[in-house]
Amino acid sequence: MSIVISGTGLYTPPHKISNDELVGAFNQYVTEFNQQNAQAIEAGELEALKPSSSEFITKASGIENRYVMTKEGILDTKKMMPLTPQRNNDEVSIQAEMAIGAAKQALEAANKKPEDIDLIIVACSYTQRAYPAIAIEVQQQLGCGGWAFDMLVACSSATFGIMNASNALEGGTAKSVLVISPEIASPQINYRDRDSHFIFGDVATAVVVEKEETATSEHAFRILAKKPMTSFSNNIRSNFGHLARHTPEEAFEGDKLFVQQGRKVFKEVLPMVSKLIDEQMSLAGIEKNDLKRLFLHQANINMNTFIAKKVLGRDPIGNDAPIILNEFANTASAGSIIAFHRFHDDMVKGDKGIICSFGAGYSAGCLIIEHI
Ligand code: CO8
């Protein structure tokens, strides 16, 4: 049975924050902190905080901008977190709203109506609540039938979600699936941490996955090979969760936010991902020259260039391995799907590509696709 990705959608949040704006707020916080603690710093009891810089961020990561659902609070040195207004239970939740925006576009691109969908998978790094599932709320709002569930695998959620969709189609438990990744990554950032205050942005992506025999869209991509992998590591971690209330005095400590050993992640994840892609290419009988495009996870431009070079055996040129993280920052699992959404229109029958995600867990997911 042949499974295809037949439509994509992208929801872009309403607010933008440039590196300069973010660094301006961070450096103001640093000045205030160092002034308030001048005596302790002078006495050697406390270390002075160091300023951030837009040049460092662009050079080390490639990030220039990010979109956020809520800007209020992030740039306020007394708050340094998004102050997202609470919604009542009878209003559509913010994450479902983002998911619906992306899903509607994906349905249109795939020539599908909501009633054609009988499985919705919301696959992302965080859901705003444990239950009821965001996916079930989206199912009701869109008017889809069947069943729906949420799943979390950090940055690999979208590719793992597409693999789950494919398995459901092969197993006969669904006939058309929406995989949606509404990533609200901005609240998990420690905006007082120089090493990571710039990393994430918010976004939502969606794809329709169905059997080749039912696909009618102009751009449908057959999944030639699919492979997930995981290997436990504490180098990217957030301890946020419902058990945090058992130690209320620590419920809002820094370890509840995003924490990483960026250098270690860089070194350990690259060989893991390169090996996964190599193995999948051999399995699918694909050579490097057969590849039209690499849609890679968007965490760090230097990481993407390294992987693209390794897979292609040469420097990537033009749109070989498109980069969107300059505009969106790291959007967790949505990154590779944004690249796919933005850069597949010029692909034609027979063109092959790779969608590959990697991140916390560690986790990595590789899909080899071919335009039909
Ligand atoms: N401004 C100026 N200088 C800085 C700054 C800053 N903001 N930050 C650090 N520096 C300094 C450091 O202090 C250091 O100085 P020194 O050499 O004197 O010690 C120097 O710059 C170099 O620092 P680093 O070695 O840390 O810099 P790197 O070149 O390693 O770049 C990166 C840092 C950009 C973080 C890089 O390591 C990186 O991108 N690593 C890979 C990260 C990655 O891929 N992570 C996985 C993705 S995250 C993920 O999977 C998502 C999990 C769940 C998401 C949930 C979303 C909802």
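Position 1 is the first residue of the sequence; numbering continues from there. Ligands are counted one by one from 1 in listed order, and the atoms in each one are counted from 1 as well.
A donor atom on one side chain and an acceptor atom on the other are not found under 3.5 Å apart for Gln298 and Ser336.
We find that Asp315 and Lys309 are joined by a salt bridge, their nearest charged nitrogen and carboxylate oxygen being less than 4.0 Å apart. Using a 4.0 Å cut-off between charged nitrogen and carboxylate oxygen, Arg222 and Glu213 do not count as a salt-bridge pair.
Using a 4.5 Å heavy-atom threshold, the side chains of Glu210 and Ile3 count as separate. Between Leu294 and Val311 the shortest side-chain heavy-atom distance falls below 4.5 Å.
Between the side chain of Thr331 and the backbone N or O of Phe328 there is no donor-acceptor pair closer than 3.5 Å. One N or O on the side chain of Gln95 and one on the backbone of Pro182 form a donor-acceptor pair closer than 3.5 Å.
Applying the 6.0 Å contact sphere to CD of Glu115 captures more than 12 heavy atoms from other residues, nucleotides or ligands.
The option from Arg194, Lys267, His297 that lies nearest to atom 13 (O) of ligand 1, judged by heavy atoms, is Arg194.
Closest protein heavy atom to atom 21 (O) of ligand 1: Phe56 CE1, 3.0 Å. The single protein non-hydrogen atom nearest to atom 38 (C) of ligand 1 is Asn300 ND2, 3.3 Å, given as residue, atom name and distance. Here the protein heavy atom with the shortest distance to atom 35 (C) of ligand 1 is Gln260 NE2, 3.4 Å. Shortest contact from atom 31 (O) of ligand 1 to any protein heavy atom: Ala60 CB, 3.6 Å. Nearest to atom 53 (C) of ligand 1 among the protein's heavy atoms is Ala154 CB, 3.9 Å. The protein heavy-atom contact nearest to atom 24 (P) of ligand 1 is Arg263 NE, 4.1 Å. Closest to atom 51 (C) of ligand 1 among all protein heavy atoms lies Cys155 SG, 2.8 Å. In terms of protein heavy atoms, atom 41 (C) of ligand 1 is closest to Gly262 O, 3.7 Å.
Aromatic ring centres of Phe221 and His344: separated by under 6.0 Å. In summary, the aromatic rings of Phe295 and Phe343 are positioned with their centroids too far apart to meet the 6.0 Å limit.
Remark: ligand 1 atoms within the under-4.0 Å shell around heavy atoms of Tyr126 are 57 (C). Every atom of ligand 1 is numbered from 1 in the order shown, and the set under 4.0 Å from a heavy atom of Ala185 is 56 (C), 57 (C). Counting atoms of ligand 1 from 1 in the listed order, those under 4.0 Å from a heavy atom of Asn330 are 47 (C), 48 (S). Under a 4.0 Å criterion applied to the non-hydrogen atoms of Gly359, ligand 1 contributes the atoms 50 (O). Of all the atoms in ligand 1, the ones that sit under 4.0 Å from a non-hydrogen atom of Phe266 are 40 (N). Counting the atoms of ligand 1 from 1 in the order shown, those under 4.0 Å from a heavy atom of Asp195 are 8 (N), 9 (C).
Under the salt bridge (Lys or Arg N to Asp or Glu O under 4.0 Å) rule, Asp320 has a single partner from Arg293, Lys292, Arg314, Lys288, which is Arg314. The salt bridge (Lys or Arg N to Asp or Glu O under 4.0 Å) test with Glu21 singles out one residue from Lys16, Lys71, Arg66, and that residue is Lys71.
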### Task
With side chain to side chain donor-acceptor pair (under 3.5 Å) as the test, would you mind laying out the steps for Asp193 and Ser196 before giving the verdict?
CA-CA 6 Å; Asp193 175 36; Ser196 63; 2.6 Å; yes
### Query
Could you walk me through whether Asn235 and Glu268 pass the side chain to side chain donor-acceptor pair (under 3.5 Å) check?
CA-CA 10 Å; Asn235 288 334; Glu268 291 172 11; 3.2 Å; yes
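Below 30°, between 30° and 60°, or above 60°: for Tyr126 and Phe240 the angle between ring planes is above 60°, a perpendicular geometry.
Among the atoms of Ser52, some N or O lies under 3.5 angstrom from an N or O of ligand 1. Taking any N or O of Ala332, backbone or side chain, none lies under 3.5 Å from an N or O belonging to ligand 1. Residue Ser53 has at least one nitrogen or oxygen atom sitting less than 3.5 Å from a nitrogen or oxygen atom of ligand 1, judged on distance alone. Checking only distances, Glu183 never comes within under 3.5 Å of ligand 1, N or O to N or O. At a 3.5 angstrom cut-off on N or O pairs, Ser125 does not count as close to ligand 1. Annotation: Gln188 places no N or O atom under 3.5 Å from an N or O atom of ligand 1; distance criterion only.
Distance screen at 4.0 Å: atom 19 (O) of ligand 1 has no protein heavy-atom neighbour inside the cut-off. When distances from atom 15 (O) of ligand 1 to the protein are checked, no heavy atom turns up under 4.0 Å. Per-atom contact check: atom 26 (O) of ligand 1 does not touch the protein, criterion being a heavy-atom distance below 4.0 Å. Under the 4.0 Å distance rule, the nearest protein heavy atom to atom 49 (C) of ligand 1 falls inside the cut-off.
Contact annotation for Ile236 and ligand 1: only side-chain heavy atoms (C-beta onward) come within less than 4.0 Å of the ligand.
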